[in-house]
Amino acid sequence: MPPHRSIPFTSLLFKCKTIQQLKQTHAQLLTRGLNHPPPSLRPTISFSALNSSGDINYALLLLFQSSTPPQIFLYNTLIRGLARACRPDSLSTSLLVFYRMIELNVVPNNFTFTFMFQGCANGGDFDLGRQLHGMAVKNSFAFDVFVRNSVIQYYSVFGKVRDARRVFDENEDLDIVSWNSMINGYLKNGEILEGLELFDKMPKRNDVSWNSVLGALVKFGSLDDACRVFEEMPHRSIVSWVLMISGYAQNGRPKEALALFREMQLLDLEPNSAVLVSVLSACSQLGALDHGNWVYSYIQKKCMKIDSILCAALVDMYAKCGSIDLAMQVFHSSRQKDVSAYTCAISGLAMNGRSIEAFQLFEQMKGEGISPDSISYTAVLCACSHMGWVEKGFHYFHSLFDEHGIRPELDHYACMVDLLGRAGLLKEAETFIDSMAMKPDNVIWGTLLGACRVHGNAEMGQRVGNMLIESDQNHDGRYILLSNIYAESRKGEDAEEVRNIMRKKRIKRVPGYSLIEVDGVVHEFLAGDRSHEKTEEIYLVWEEISKKIKNYGYNAETRAITFDIEDEEKENVIGYHSEKLALAFGLICTKPGSVIRIVKNIRICNDCHSAMKLVSKLFNRKISVRDRKRYHHFEEGRCSCLDYW
DNA sequence: AAGTCTCAAG
């Protein structure tokens, strides 16, 4: 068969849009006896190796089975595809390709080396990279600026900034990417000053240079410094916006994240999925369902692809805004779900009082061949804790290592201590802490202290509380817990003593607050807050509510009163806990029949819990309160937590 | 014929 007969097929191959089409067309070509004519290899290998919907194994097969020795371009394409793919065997496979080409006397060129270094950087093999570097130098490929830049990048990834700097210094012929790679090497490895010094010396800067600095400030410096750079930089690319918005979202400043996003919209800039992921994270933190809904409809309107990260963010947002049904709807309709998306759904279910489904989903995930990671385990252990399922908790705790070889981390231990402590097994919890394979941190002891308070164990509480205060003198929560434990076990003097120490050390109490979103605006309330513009009305309404529910058995509890309030104010303040004010505001401002959604930064107290239950019944409203750990969905006088929390 | 640097979740 004359070779030119393959030409029409080759152009057909170039037009293929999917791997299936490509394989079919290629198969037709093969059945006509045109066994891998060289021109057909290029489109097939390029597509299979580089396209995100390609099939790199198919490309490998074609390359290794070719009857004629493939051109260097094809080898390079495969190595490039492998470097990009980030599979666990990527690097060993590209090394195989590398040896194969040498074996067939195809001499590697500067492109080969660029892709190999990229592979080493992504695949985590330092030694191989160093050998290749020697080889590249010996064969004069290190003169190519691309090769050199990928070497700098490779050394930087492994924290070998000095080696990177040597390559950088040895060469006259540097371009802006060399500078960026070198600066980024410093910044990523925490050598901020060196990085900034080099940045100052740069002959010319581009967006990437500025964004590297911006990213380092967000991560290692202060957000406010980053903000200043953001204001001053000559041009903001989408990456700059991503960095700032995610910086705010991840550092407990979700309101500022949303404000910056609004600024972006006013400038008519199109958000990408990275921006939306951060915006969704901010919505999750604020419980801002209206905003979150807007983001979801925006994604649908723009037909944006929902990848596993966006899926996880959406599921997390809906779950943390209390709309677990919507969360699961998004989850099930998404095609791309990775372990994180599953984990978000699992912890979302658990948080919303649907632990049985959480366990089912965990098993389903394993059934689909996705292995749980350490965070998935934190989620199931939390689910056990919410239900008080001690035995199940131990089962999962043991399977952590037995089934998945994951060594328990502090988070897992903390979940177990919470599970035991909440269930009233305080002794067992303490024994469990003693059996830990690592040194327990203050979070673990703090969890036990919290349990001591819930179950009124003053002896253990005193011991643990004093130890905690000793080791971390500035944590307000520990003083408060200990003082309350004393107060509740009628040791008023000891409680007073703790209060005095706290005053003397000038330890500021982090105030408890509640958020409620009405018509896209997030309102914030503190306990006894009188700053809201509708204060008069809010307090009036709460008085009415209070009177009404008292007729149905509500008795303002005084046990849970915080200590830094003067005695005569006690009843007043517990009557005006932030969630009660938010509830009154919600009753004033939302439509009858709609759900009132409140987000708290600390745990809900007994008093508010019983008040909420009664209001849900007497006012016939569904109320959702998210506290620091979980959701309480109140309906018709009952709570989804079944009064266990 | 092709490449090197900045970017997101639990």
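Here is the naming used below: chain letters follow the sequence lines, and residue numbers restart at 1 for every chain.
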TODO: Would you classify Ser308(A) as touching base, sugar-phosphate or nothing, given that sugar-phosphate means primed atoms plus P, OP1 and OP2, and contacts are heavy atoms under 4.0 Å?
DONE: nothing
TODO: Check every strand shown and say whether Val275(A) touches a base, only sugar-phosphate, or nothing at a heavy-atom separation below 4.0 Å.
DONE: nothing
- [ ] Run the numbers on Arg205(A) and His235(A) for side-chain contact (heavy atoms from CB on, under 4.5 Å), then give the verdict.
- [x] CA-CA 11 Å; Arg205(A) 301 183 183 113; His235(A) 172 255; over 6 Å; no
TODO: Report which part of the nucleic acid Ser181(A) touches: base, sugar-phosphate, or nothing (heavy-atom distance under 4.0 Å, all strands).
DONE: sugar-phosphate
Open item on the list: For a quick check of understanding: with a heavy-atom distance under 4.0 Å over all strands, which category does Val242(A) fall into, base, sugar-phosphate or nothing?
Closed with: sugar-phosphate
Open item on the list: Ring of Phe230(A), cation from Arg236(A) - is the NZ or CZ under 6.0 Å from the centre and inside 45° of the axis?
Closed with: yes
Open item on the list: Distance under 4.0 Å to a non-hydrogen atom of chain A counts as contact; along DNA chain B, which nucleotides mark the start and end?
Closed with: dA1(B) to dG10(B)
Open item on the list: Using a 4.0 Å heavy-atom cut-off, does Asn109(A) contact any base of the nucleic acid, only the sugar-phosphate backbone, or nothing at all?
Closed with: base
Task: side chain to side chain contact (heavy atoms under 4.5 Å, CB included), paired with Thr343(A), selected from Ser374(A), Pro372(A), Ser376(A) - done: Ser376(A)
- [ ] Using only heavy-atom distances, determine whether the side chains of Asp411(A) and Tyr377(A) contain a donor-acceptor pair under 3.5 Å.
- [x] no
- [ ] Give Val151(A) one of three labels, base, sugar-phosphate or nothing, depending on what nucleic acid heavy atoms sit under 4.0 Å from its own.
- [x] nothing
Open item on the list: Please classify the nucleic acid contact of Asn184(A) as base, sugar-phosphate, or nothing, using heavy-atom distances under 4.0 Å.
Closed with: sugar-phosphate
- [ ] Look at all strands and tell whether Ile375(A) reaches a base, only sugar-phosphate, or nothing, counting heavy atoms closer than 4.0 Å.
- [x] base
TODO: With heavy atoms under 4.0 Å as the rule, sort Arg148(A) into base, sugar-phosphate or nothing.
DONE: nothing
- [ ] Check every strand shown and say whether Lys219(A) touches a base, only sugar-phosphate, or nothing at a heavy-atom separation below 4.0 Å.
- [x] nothing
Open item on the list: As a quick check of understanding, evaluate side-chain hydrogen bond (donor to acceptor under 3.5 Å, both in side chains) for Asp418(A) and Ser385(A), giving each step before the final call.
Closed with: CA-CA 7 Å; Asp418(A) 187 57; Ser385(A) 181; 2.6 Å; yes
Task: Phe143(A) six-ring centre to Arg148(A) NZ/CZ under 6.0 Å and within 45° of normal - done: no
Open item on the list: If you apply the rule salt bridge (charged side-chain N to carboxylate O under 4.0 Å, His left out), what do you find for Arg166(A) with Asp163(A), and how did you get there?
Closed with: CA-CA 5 Å; Arg166(A) 204 169 313 125; Asp163(A) 292 301; 3.2 Å; yes
TODO: Give Ser246(A) one of three labels, base, sugar-phosphate or nothing, depending on what nucleic acid heavy atoms sit under 4.0 Å from its own.
DONE: sugar-phosphate
TODO: With heavy atoms under 4.0 Å as the rule, sort Thr343(A) into base, sugar-phosphate or nothing.
DONE: base
